[in-house]
Every structure is written in C-alpha cells, then in structure tokens.
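First the structure, in the form of structure tokens, and then the observations on it.
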Amino acid sequence: DSGTLNMNNAIGKVGSVYLPIPAKRNGLGKVQVKVQGLQTLDAMTDNEEEIKTGSVVEVIEILNNEILVVKPSGK
C-alpha cells in the first residue's frame with residue numbers, strides 16, 4: 001500500500017458532516033469519514049436542502065477523484 005488515499009474506498013461509507021454542505025451542489029462542505037483512517041474531505045450533495053453539521057451522510061459518488069457526493073443516511 002502506497003499510503004495514497006483511494007477515494008473509491010469511500011463509496012458506501014457513512015460519515016458525519018463537519019462543515020455544512022450546501023443544497024443541490026451549490027458549493028462544498030466537509031465530511032469526516034473513515035477511509036484508511038479518519039479523513040476530512042470536501043463534499044457536495046444533490047439534496048434539496050443544506051445538510052447541517054453533525055448530520056450522518058452516506059457517500060454515493062466521487063467527483064474528479066477528489067470530491068465526495070453524499071446523501072443523508074438512514075443509518
């Protein structure tokens with residue numbers, strides 16, 4: 001293992017919102033998710049409403065190999 005973060009490992013993972021994520025991909029928030037250790041990563045959502053700090057989210061996609069696309073998690 002090179003120690004390089006493989007973003008695809010984040011798909012399907014559940015994490016928590018660290019900085020609010022604006023609705024409908026209108027900007028970036030931050031999410032803390034355990035991928036090869038705890039990471040704080042940029043995130044967007046297609047959700048109709050902002051996802052607030054502390055909310056539980058699930059990673060559904062990776063954009064440009066660097067930005068997580070998340071949705072509120074039912075878990």
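Remember, predicted model here, so these are calculated numbers, not experimental data. Count residues from 1 along the sequence. Note that these values count all heavy atoms, side chains included, but never hydrogens, waters or copies made by symmetry.
Formation of a donor-acceptor pair under 3.5 Å by the Gln36 side chain with backbone atoms of Thr4 is found in this model.
Between Pro22 and Gly27, the shortest heavy-atom distance links the atoms CD-O, 3.7 Å. Nearest heavy atoms, Thr45 versus Val70: OG1-O, 2.8 Å.
One finds the OG atom of Ser73 at 13.5 Å from the NZ atom of Lys13 (value rounded to the nearest 0.5 Å). Taken from CD1 in Ile21 to CD in Glu49, the straight-line distance is 13.5 Å, to the nearest 0.5 Å. Here Glu66 contributes atom CD and Leu28 contributes atom CG; the two are 9.0 Å apart, rounded to the nearest 0.5 Å. For the atom pair OG of Ser16 and NZ of Lys34, the computed distance is 10.0 Å after rounding to the nearest 0.5 Å. One finds the CG atom of Leu68 at 5.0 Å from the CD1 atom of Ile62 (value rounded to the nearest 0.5 Å). Separating the CE atom in Met44 from the CD1 atom in Ile51 is a distance of 12.0 Å, to the nearest 0.5 Å.
Here salt bridge (charged side-chain N to carboxylate O under 4.0 Å, His left out) pairs that include residues 18-29, with residues two or more places apart or in two chains, are Lys24-Glu48, Arg25-Asp46, Arg25-Glu61.
Proximity of Ile60 to Val69: side-chain heavy atoms (C-beta onward) are separated by under 4.5 Å at one or more points. Val14 places none of its side-chain heavy atoms less than 4.5 Å from the side chain of Val33. Annotation: side chain of Pro72 is in contact with side chain of Asn47 (closest heavy-atom distance under 4.5 Å).
Under the 4.5 Å side-chain heavy-atom criterion for grouping Ile, Leu, Val, Met, Phe, Trp and Tyr, Ile11 is connected to Val57 within one hydrophobic cluster.
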Requested in this report: Apply the test side chain to side chain contact (heavy atoms under 4.5 Å, CB included) to residues Val17 and Lys52: give CA-CA distance (whole Å), side-chain angles for both, the deciding distance (0.1 Å), then the verdict.
Outcome: CA-CA 7 Å; Val17 177; Lys52 297 188 184 333; over 6 Å; no

>> One pair to check against side chain to side chain contact (heavy atoms under 4.5 Å, CB included): Leu41 and Val31. What are the steps and the verdict?
In response: CA-CA 5 Å; Leu41 302 167; Val31 170; 5.7 Å; no

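A side-chain donor-acceptor contact under 3.5 Å links Thr40 and Gln32.
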